[in-house]
Protein chains: 2
Amino acid sequence: MVCEFGTNTGRGIPVKATESSYRLRIMDRRTELLKCAENVARRRGYDGFSYADLANDVGIRKASIHYHFPAKADLALALIERYADTFAAALAMIDSTSDIAADRLSAYVQMYRRALSGGNKLCLCVAFAISRDSLSPETLETLDKFHSDSIDWLRQNFELAVDDGSISGVDNPAVEATALLAMVEGAQLMARAAHRVADFDLATQLFLSRLGNP
Amino acid sequence: MVCEFGTNTGRGIPVKATESSYRLRIMDRRTELLKCAENVARRRGYDGFSYADLANDVGIRKASIHYHFPAKADLALALIERYADTFAAALAMIDSTSDIAADRLSAYVQMYRRALSGGNKLCLCVAFAISRDSLSPETLETLDKFHSDSIDWLRQNFELAVDDGSISGVDNPAVEATALLAMVEGAQLMARAAHRVADFDLATQLFLSRLGNP
DNA sequence: TGACACCTACCTACTGATAGGTAATCATAA
DNA sequence: TTATGATTACCTATCAGTAGGTAGGTGTCA
C-alpha cells in the first residue's frame, strides 16, 4: 500500500509544486481511482464503466490504471473491500453515538439516504448485485460477507429494541432485519428510478414512524 | 407485430418440418428473441448481455437479430413495452379475481416472488434502473410510466383497504404504495444477492402479516 | 561522495476479443 | 414475383490487457 500522503514523483499530469516543499495532492492515485470507480459503479453498475472512462476522469492513461489494478477484477475486489471497511466504521460510529435501538436504526436509514447523493447513486452492494455474473468468486464472497454482516448488525439492534422498547411492535428481530434492509435498498432504487429523493422518504416514513413509539 | 404463430421460413438452423403442413414452432423469432433477452437482462442487466449472447442462445447469427431489432435501443424499448403490457394484464387479472384489497396486494407480492425464478432473476424495471445511463430517452419514458402506473395501482388498492378494512393500520395510501413497491423490489434484490428465495419471504412477511387483520 | 541497483508511477503503442451495426445475398412460402 | 427472414462477410469502435520503455526517487555499499 502506498503512503497515504506520499509525494508524487511520476511524469504525465504532474502535481503542481507549491512554493514550499509540500505537495498539494491530498490523495494518492490508488485512492483517487477507487473513489472515482466507486462513484461511477454506483451510478452505472459494474458493467457500465470501463478503464477508459476511469482514465479520462482521473487524468492518466488507461494503461496506467493497470499498474494500480492489474485486472478489473482486482479493482472490483478493492472497491467492495474499501466499501465494507467504510461501512463497518460508520456502523461502529453509530454504535458509539447512541445505546438506543431506535436512534441507531434511524441513523442507519439516514446513512442510506445520504448515499443516494440527490437521487443518482446507489449503495455499491445494490449496484454489484445486478452484475453478479461479471464478478470474481472472491469479490462475490466479500460482497456476501458485507451483506450478512449488515443483517447481523440490524438483527442485533432489533434485539436491543425488544429490550429497550424504543421501537413499537418488534416480534421477530431476524424478520425485521431482513425487511429493513430490503426497504432501504428498495427505497434507494425507487429514488434513483424517479431521480427524486422524496421517494426514499416516502418509502421509509412508515418504518421511521415506529421509532420512539414503544 | 408479427403473427404469434407464424411459420419459420428462414435458412440456417431450420425448424424441423413435421409430416403435416403444420409447424412445431410455437413462437415467432421476434417473440423468442424478446423472451430470451428479457431473461438475460433480468439476470445480468442491460449492459450485461450482447447481441452475440442472444444469437448464441436463440440459435441464429448475430447479424440476423438486427433484422428484428435494428439497434439494441429498439430491443430495450420493445422489452420494456412487452414487460409493461404483461404486467398490466396481470394486474387486471388480479383486479378481476378479487374485490378485497388484502387479496389483491397479497397476489401482487406473490407475483414478484414468482418473478424471482428461484432467486436468480429480478424484475426488469429493477434491472433497467441500474443501467439508466445506457437507455434511450424513449425507453426511460416507458420505464418511468411503468413505475408510476404501478404506484397508482398500489395506491388505489390501499385506498380500497381504507374502505374495506382488509389491511390493518393503513393511514396514508400514497405512503403505503411507495413503501410496498420499495419492499418487494428490495426483497428481490436481497433474494438475488443471497440466491435464496427464503429471504424474499422474510422481507415481505412483516407486510403480509398485516393482511386480513383489520 | 558517488556509483549502481532497484523501485514507483507513469508513458506510448500495441494485441486479440468483442461490441453494435451494415451491405449484399440467398432460400422459401405465399 | 415479392416479402420475409435468414445468411456470410464485413465495418468501426471499444473492451481489457500487455510489452517495453522512461523519468526520477531511494537504498546500499565501497
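Throughout, a chain's letter reflects where its sequence line sits, starting with A, and its residues are numbered from 1.
- Protein atom CG of B/D47 is 12 Å distant from nucleotide atom P of D/dA16, rounded to whole Å.
- Of the candidate nucleotides D/dA16, D/dA6, C/dG20, D/dA6 has the atom lying nearest to any side-chain atom of B/H68.
- In this structure, A/S64 reaches the bases: a heavy-atom distance under 4.0 Å links it to at least one base atom across the strands shown.
- Using cut-offs of 30° and 60° for the angle between ring planes, the B/Y46 and B/F49 rings count as perpendicular.
- Nucleotide C/dA9 holds its C1' atom 13 Å from the CD1 atom of A/I65, rounded to whole Å.
- Taking side-chain N and O atoms only, A/S50 has no distance below 4.0 Å to OP1 or OP2 of D/dT14.
- Residue whose closest nucleotide on DNA chain C sits further toward the 5' end, between A/Y67 and A/A63: A/Y67.
- Going from atom CD1 of A/I60 over to atom C1' of C/dT8 covers 13 Å, rounded to whole Å.
- Atom CG of B/L75 is separated from atom C1' of C/dA19 by 15 Å (rounded to the nearest Å).
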Point to revise | Stepwise side-chain contact (heavy atoms from CB on, under 4.5 Å) check, A/S136 with A/T139 | key: CA-CA 5 Å; A/S136 72; A/T139 303; 2.9 Å; yes

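- Each of C/dC11, D/dG17, C/dG20 was ranked by its minimum atom distance to the side chain of A/K62; first place goes to D/dG17.
- Look at CZ on A/R61: it is 19 Å from P on D/dG17, rounded to the nearest Å.
- What separates NZ of B/K72 from C1' of C/dT22 is a distance of 18 Å, to the nearest Å.
- Distance NE2 (B/H66) to C1' (D/dT8): 14 Å, rounded to an integer number of Å.
- In this structure, the CG atom of A/N56 is 14 Å from the C1' atom of D/dT14, given to the nearest Å.
- With hydrogens and angles disregarded, a donor-acceptor distance shorter than 3.5 Å links the side chain of A/S50 to the backbone of A/D53.
- Ring orientation note: the planes of A/W153 and A/Y108 are close to parallel, at an angle under 30° on the 30°/60° scale.
- Formation of a donor-acceptor pair under 3.5 Å by the A/N172 side chain with backbone atoms of A/V175 is found in this model.
- In this model, the phosphate group of D/dA6 is approached by a side-chain N or O of B/R29 to a distance below 4.0 Å at OP1 or OP2.
- Nucleic acid contact class of A/F49 (heavy atoms, under 4.0 Å, all strands): sugar-phosphate only.
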